[in-house]
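Remember, it's 1-based here, ligands and their atoms both numbered in the order they're listed.
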Amino acid sequence: MTAPASTPARLQVRGLHKTFTLHLRDGLRLPVLQGVSLDVAAGECVALVGPSGQGKSTLMKCLHGSYGADGGEVLLQRDDGSTLDLCNATPQQVLQVRRREMAYVSQFLRVVPRVPALDVVAERRLHARADLADSAAADAALVEAREAARALLARLELPSGLWDLPPATFSGGEQQRVNIARGFIEPASLLLLDEPTASLDSARRRVVVELIEEAKARGAAVVGIFHDEEVRDAVATRSVNVRHLA
Ligand SMILES: Nc1ncnc2c1ncn2[C@@H]1O[C@H](COP(=O)(O)OP(=O)(O)OP(=O)(O)O)[C@@H](O)[C@H]1O
Ligand SMILES: [Mg+2]
């Protein structure tokens, strides 16, 4: 299935089913997503709302391709105009989409030991532009990626004394700013945001709101979970309850 040419939704979720089987509880089955359908257009930010445990993060992980689905389709319109069903894509196709076209910002940073904060951010851009011709091109790309990472970390007001340190010992809010910088350094066409501002104070939350607005303005489709109502009201073009999507 492809989007009609006149209104090409960047993301089309169709009849998505996800059931968890709890092996430690005699195979108890927990149906979380039961036929979820949702369209997200370029430039739109859809906020997933609803009580705890309804499946917001589960839906987000299915969109990211980290959870397989039991049925349905997650159709992503790719930058080259083709459509990929993330539910039936190969791991290689999912990795390729994640490299450049999709960014996922979770509440917590997955810390890689010994990699300084600056490179945690810069690496994301390098991975997205991995097809570099030779080592001179790779060196130039590293310089440029670090420059972009510095600019973003400065904008998020991460103290510059931390940039060369691995984020393992950073506070929750400091780690979250590294995570946000990593998510926004490349202009992904699909942005998945799971509580991106949960550990931030109001000044830093405003910067994240600006970054999301800029992403929408350049045509990114955004799906987010924002428990902070002020942030949600500022960025969401609409809010949907996961239970009501079926
Ligand atoms: N990997 C998993 N294995 C088993 N059950 C899971 C798994 N992930 C989520 N669940 C269950 O699925 C349901 C939905 O969880 P999910 O994390 O998607 O909720 P949520 O809407 O994001 O909640 P919150 O607002 O608290 O973050 C919960 O009952 C949860 O226990
Ligand atoms: Mg959640």
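A salt bridge is defined here as a Lys NZ or Arg NE, NH1 or NH2 lying under 4.0 Å from an Asp or Glu carboxylate O, and E186 with R99 fails to meet this definition.
Side chains of R98 and H64: a donor on one and an acceptor on the other come within 3.5 Å.
S239 places a side-chain heavy atom less than 4.5 Å from the side chain of R232. Between D70 and P31, every side-chain heavy-atom pair lies at or beyond the 4.5 Å cut-off.
Atom-to-atom distance recorded for L165:CG and L118:CG is 11.0 Å, nearest 0.5 angstrom.
Pairs passing the side chain to side chain donor-acceptor pair (under 3.5 Å) check and including a residue from residues 17-30, sequence neighbours excluded, do not occur. Legend: salt bridge (Lys or Arg N to Asp or Glu O under 4.0 Å) pairs involving residues 32-46, not counting sequence neighbours, sorted by first then second residue: R14-D39, E44-R238.
With respect to T197, the side-chain contact (heavy atoms from CB on, under 4.5 Å) criterion is satisfied by exactly one of V209, I212, V235, V208: V208. Partner of E101 under the side chain to side chain donor-acceptor pair (under 3.5 Å) criterion, out of Q96, R10, Q77, R78: R78 alone.
The distance cut-off of 2.8 Å around the Mg ion (ligand 2) captures these protein N, O or S atoms, sorted by chain and number: S57 OG.
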List, for ligand 1, each N/O atom that has a protein N/O partner under 3.5 Å away, with both atom names and the distance.
{"unit_1": "ligand 1", "atom_1": "1 (N)", "unit_2": "Y67", "atom_2": "OH", "d": "3.1"}
{"unit_1": "ligand 1", "atom_1": "18 (O)", "unit_2": "S57", "atom_2": "N", "d": "3.4"}
{"unit_1": "ligand 1", "atom_1": "18 (O)", "unit_2": "T58", "atom_2": "N", "d": "2.9"}
{"unit_1": "ligand 1", "atom_1": "18 (O)", "unit_2": "T58", "atom_2": "OG1", "d": "2.6"}
{"unit_1": "ligand 1", "atom_1": "19 (O)", "unit_2": "G55", "atom_2": "N", "d": "3.4"}
{"unit_1": "ligand 1", "atom_1": "21 (O)", "unit_2": "Q54", "atom_2": "N", "d": "3.2"}
{"unit_1": "ligand 1", "atom_1": "21 (O)", "unit_2": "G55", "atom_2": "N", "d": "3.0"}
{"unit_1": "ligand 1", "atom_1": "21 (O)", "unit_2": "K56", "atom_2": "N", "d": "2.9"}
{"unit_1": "ligand 1", "atom_1": "21 (O)", "unit_2": "K56", "atom_2": "NZ", "d": "2.9"}
{"unit_1": "ligand 1", "atom_1": "22 (O)", "unit_2": "S57", "atom_2": "N", "d": "2.9"}
{"unit_1": "ligand 1", "atom_1": "22 (O)", "unit_2": "S57", "atom_2": "OG", "d": "2.9"}
{"unit_1": "ligand 1", "atom_1": "23 (O)", "unit_2": "G53", "atom_2": "N", "d": "2.8"}
{"unit_1": "ligand 1", "atom_1": "25 (O)", "unit_2": "K56", "atom_2": "NZ", "d": "2.8"}
{"unit_1": "ligand 1", "atom_1": "26 (O)", "unit_2": "S52", "atom_2": "OG", "d": "2.6"}

